[in-house]
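Start at 1 and go down the list; that is how both ligands and their atoms are numbered. Each residue takes its place number in the sequence, starting with 1.
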Amino acid sequence: MFLKISLYISLIIFLLSLIYKISTWFRYKIGIGSADISTSTRFFSAVKGILSTFFSAKILILLKIFVLDVLLQFRILREDYLRWLMHIFIYGGFVLLILMHALDKTITVAIWKDYYSTINPFMFLRDLFGAVVIVGVIIAIYRRFILKVPRLFSNAMDIYTIILVAVIMLSGIFLEATKMVAYSDYKRMADEYSGLSDPGELKSLEAYWVKEFGVVSPNLKGPFDEALLQKGKELHQSSCESCHARPQWAFAGYGAAKIISPIGVGIDRAHLPSVLWYIHILACFVGLAYLPFSKMFHIFASSVSLLANGVIGKEKLAPANRATLQAMELDACTHCGTCSLRCSVIMAFEEIANTNIFPSEKIASIKALASGKELSPAELRHILEGVYLCSNCYRCTVVCPAGINLQDLWFNVREILLQKGYPEFLVLSPLSFYRGLMKEETVPKDYEKPLILAREAIEAQCDLMKKDKVLPLTPTNRELQSGLNLSAQAQTFSVCFGCQTCSTVCPVVGNYENPQEALGLLPHQIMHAAGLGIRDLAFGSNMLWDCLTCYQCQEQCPQGVHVTDVLYELKNLAVKRVREKTLQPMERK
Ligand code: SF4
Ligand code: SF4
Ligand code: SF4
Ligand code: SF4
């Protein structure tokens, strides 16, 4: 009764949680333009997409991905052999245990009519699958805590999952072991099934089970007389053998039984088999009920992600499906760290201790963002910094074993955060190149917005940029003449003799009929301003921010002035100053 009620409760919780989790795929809004798409539109668009895939030639691609990437997990194998082994052991062993052991009354009995859990091959297979899962868990612990795979972070969910699997497996093995040694269990079986009543015969059978089956009897202890054992063996063969294989076949439970046998009588008296049974069953039911909210949900979500991204390929997705796919991908992440291991901008973490730089860690923050959780301005800025300190190199997407299109995800999140109105200075840098390439994907009215905001923030801090304010540029103005704090390399501007070659060769300057009007100062004038120490004047020039970093000017300069490097450092100085003045008060809000 307890078993049935617990099972039904956990099944109901599991199903409701599953429905809730899947509904978030249609509700979370992280795709560009997803805010305007209703949940029902997304749902029906997904159903339409799935049906059109099933009834097309793409079904063959789906089958191929299902076998190679979902079942055999080749994507993981390509990246890390040990991780693949761990994954296959845990997931393969667990699935087989569920089918053959947990659902034995439904599945195993339907396939093998004479199934009985204490005969072979079932007894051996159950322990074999259990041992396989335990080896997988040991590899997981070894990789995380001993081998310390670089950039593999352990969060609470990872540890919870390892502990839950370990509790289920260990309680199962020790349950089997305690049942082997428990005298009361043996006694109950002998009374119920042997049909013996003669004390001499019962003693022979008991002696045989003590010697051969590991039962710890409070009445009998070996060594036993050969004749007694022979008699016991005959009785065993006639009454018990058809239902009980030798316990050594259950090698994991038998090994554990040997270890605990010195305290076997105490274990039985303390009803430890019952206690372990409750622990084992409850751990299984808790695992089932909590599965949709645990890391184990990735078994389902990453399979869907692999299949979906496999058939979508490079096709342009309808906005409704793109939003749904990205919300689903957040659940597909296994927190394996492969993307962080391959990420090309990780060295930035040495300078900026923001864990959102790691793609594997960004996902968790983005999940919180997508769920609508209230995030502080500082948290939002950290996410934005994380997604912007990304060179769009695509490496994370290529290696992700869950098939998540990470690059697309970062792009979407950037746009959403930029729309929140923070002046993002990185849009002024070459890092924003990818954004330019994706211009058509962005909401037209929002494309220029972050750029304008960033320039306004700089303007607010640079007096010489203010159109209504003209500062006197006199040699006595000490503040303006203070040094630029540039590196030794960039300080080469001091030898500039104003030949204008840099401005003549500059493709940005050449792009305008009236460059002065569009760009403010031209490269040679910025060098001159730098030479005069008029920092604000240099900062205020649009040329500084429109520079393509093509290095033409630097290569052509007859004086060896590091023109592009000077521009670079001026930009960094401007952003640093404005960030200090503008963003910190905002983050303290
Ligand atoms: S995004 Fe992919 S590669 Fe990165 S941690 Fe998640 S599953 Fe692993
Ligand atoms: S696309 Fe960005 S997050 Fe992904 S590996 Fe490249 S730099 Fe790292
Ligand atoms: S080319 Fe060199 S020397 Fe000539 S103006 Fe530019 S920085 Fe100065
Ligand atoms: S590096 Fe910048 S300033 Fe120099 S030529 Fe190229 S675009 Fe012009």
Side-chain angles (χ1 to χ4, degrees), residues 73 75-76 78-80 83 87 149 151-155 157-158 295 298-299 301-303 305-306 309 326 329-349 356-364 366-367 386-411 413-414 429-431 434 500-512 515 519 521-527 538 541-557 561-568 570-571:
Q73 312 200 352
R75 287 176 74 107
I76 299 179
R78 277 202 297 269
E79 284 302 313
D80 183 340
R83 183 170 168 248
H87 227 243
V149 173
R151 298 170 194 171
L152 177 61
F153 297 85
S154 296
N155 60 24
M157 194 53 85
D158 298 320
K295 182 179 177 172
H298 79 256
I299 297 171
S302 55
S303 303
S305 163
L306 280 166
N309 280 306
Q326 292 197 325
E329 285 177 337
L330 295 178
D331 280 332
C333 175
T334 60
H335 201 230
C336 68
T338 310
C339 49
S340 295
L341 200 61
R342 300 278 181 266
C343 179
S344 24
V345 297
I346 287 307
M347 61 294 287
F349 184 72
N356 284 297
I357 292 170
F358 294 94
S360 58
E361 308 313 297
K362 269 198 273 271
I363 292 260
I366 292 172
K367 215 169 178 175
V387 284
Y388 240 105
L389 280 176
C390 160
S391 62
N392 308 295
C393 70
Y394 202 60
R395 291 171 71 170
C396 52
T397 304
V398 172
V399 296
C400 175
I404 303 171
N405 189 340
L406 292 161
Q407 197 189 34
D408 204 30
L409 194 60
W410 310 148
F411 174 71
V413 173
R414 264 179 231 171
S429 81
L431 288 172
Y434 187 71
Q500 303 192 20
T501 305
C502 49
S503 298
T504 310
V505 297
C506 174
V508 176
V509 174
N511 194 37
Y512 295 102
L519 300 168
L521 300 187
L522 304 188
H524 73 280
Q525 291 166 322
I526 294 180
M527 294 307 110
S541 163
N542 278 352
M543 178 70 234
L544 193 63
W545 308 105
D546 285 356
C547 168
L548 302 169
T549 333
C550 69
Y551 278 88
Q552 292 271 13
C553 48
Q554 190 157 318
E555 281 172 16
Q556 304 293 333
C557 173
V561 176
H562 289 204
V563 185
T564 316
D565 295 339
V566 173
L567 297 181
Y568 240 135
L570 282 169
K571 275 191 264 196

| query | Counting each atom of ligand 4 from 1 as listed, which ones have a heavy atom of Val508 under 4.0 Å away? | reply | 7 (S)

| request: Decide whether the shortest distance between a heavy atom of Leu548 and an atom of ligand 4 is less than 4.0 Å. | output: yes

| Proximal atoms of ligand 4 relative to Cys506 (non-hydrogen, under 4.0 Å) | 3 (S), 5 (S), 7 (S), 8 (Fe)

| Atom indices of ligand 2 within 4.0 angstrom of Cys396 heavy atoms, with elements | 1 (S), 3 (S), 4 (Fe), 5 (S)

| said: Measuring from non-hydrogen atoms of Met543 to any atom of ligand 4, is the shortest distance under 4.0 Å? | reply: yes

| request: Measure Pro523 to ligand 4 on non-hydrogen atoms and call it side chain, backbone, both or neither using the 4.0 Å cut-off. | output: side chain

| field | Distance filter under 4.0 Å to Tyr394 heavy atoms, resulting ligand 2 atoms | value | 1 (S), 6 (Fe)

| said: Could you walk me through whether Glu329 and Asn405 satisfy the side chain to side chain donor-acceptor pair (under 3.5 Å) test, starting with their C-alpha distance in whole Å, then the side-chain angles of each, then the deciding distance to 0.1 Å, before giving a yes or no? | reply: CA-CA 8 Å; Glu329 285 177 337; Asn405 189 340; 5.9 Å; no

| task | Report the C-alpha distance between Asp331 and His298 in whole Å, list the side-chain angles of each, state the deciding distance to 0.1 Å, and finish with yes or no for side chain to side chain donor-acceptor pair (under 3.5 Å). | result | CA-CA 6 Å; Asp331 280 332; His298 79 256; over 6 Å; no

| query | For ligand 4, which atoms sit closer than 4.0 Å to a heavy atom of Leu567? | reply | 3 (S)

| Contact with ligand 4 for Val563, non-hydrogen, under 4.0 angstrom | no

| message | Within ligand 4, which atoms have a heavy atom of Gln552 less than 4.0 Å away? | response | 5 (S)

| query | What atoms in ligand 2 come closer than 4.0 Å to a heavy atom of Asn392? | reply | 1 (S), 2 (Fe)

| task | Under 4.0 Å from a heavy atom of Cys393: give me the atoms of ligand 2 that qualify, with their elements. | result | 1 (S), 5 (S), 6 (Fe), 7 (S)

| field | Heavy-atom nearest neighbour in the protein, as seen from atom 7 (S) of ligand 2, with distance rounded to 0.1 Å | value | Ser391 N, 3.3 Å

| task | Could you tell me the residue and atom name of the protein heavy atom closest to atom 6 (Fe) of ligand 4, and the distance to it rounded to 0.1 Å? | result | Cys550 SG, 2.3 Å

| Enumerated ligand 2 atoms positioned under 4.0 Å from heavy atoms of Cys343 | 3 (S), 5 (S), 7 (S), 8 (Fe)

| request: Report the nearest protein non-hydrogen atom to atom 2 (Fe) of ligand 4: residue, atom name, distance rounded to 0.1 Å. | output: Cys547 SG, 2.4 Å

| remark: Shortest non-hydrogen pair, Ser503 vs His524, comes out as OG-ND1, 2.6 Å

| request: Grab the two heavy atoms, one from Cys339 and one from Leu406, that are nearest each other, plus how far apart they are. | output: CB-CD1, 4.0 Å

| Protein heavy-atom partner closest to atom 3 (S) of ligand 2 - residue, atom, separation in Å | Trp410 NE1, 3.2 Å

| message | Distance under 4.0 Å to a non-hydrogen atom of Thr564: what atoms of ligand 4 satisfy this? | response | 1 (S)

| remark: Within 4.0 Å of some non-hydrogen atom of Pro507, the atoms of ligand 4 are 5 (S)

| query | For ligand 4, which atoms, with element, lie under 4.0 Å from some heavy atom of Cys553? | reply | 1 (S), 3 (S), 4 (Fe), 5 (S)

| remark: Within a distance under 2.8 Å of atom 6 (Fe) of ligand 1, the protein atoms of type N, O or S are Cys333 SG

| request: Name all pairs fulfilling the salt bridge (charged side-chain N to carboxylate O under 4.0 Å, His left out) condition that reach into residues 394-408, sequence neighbours left out, sorted by first residue then second. | output: Arg322-Asp408

| What atoms of ligand 2 come within less than 4.0 Å of a heavy atom belonging to Cys390? | 1 (S), 2 (Fe), 3 (S), 7 (S)

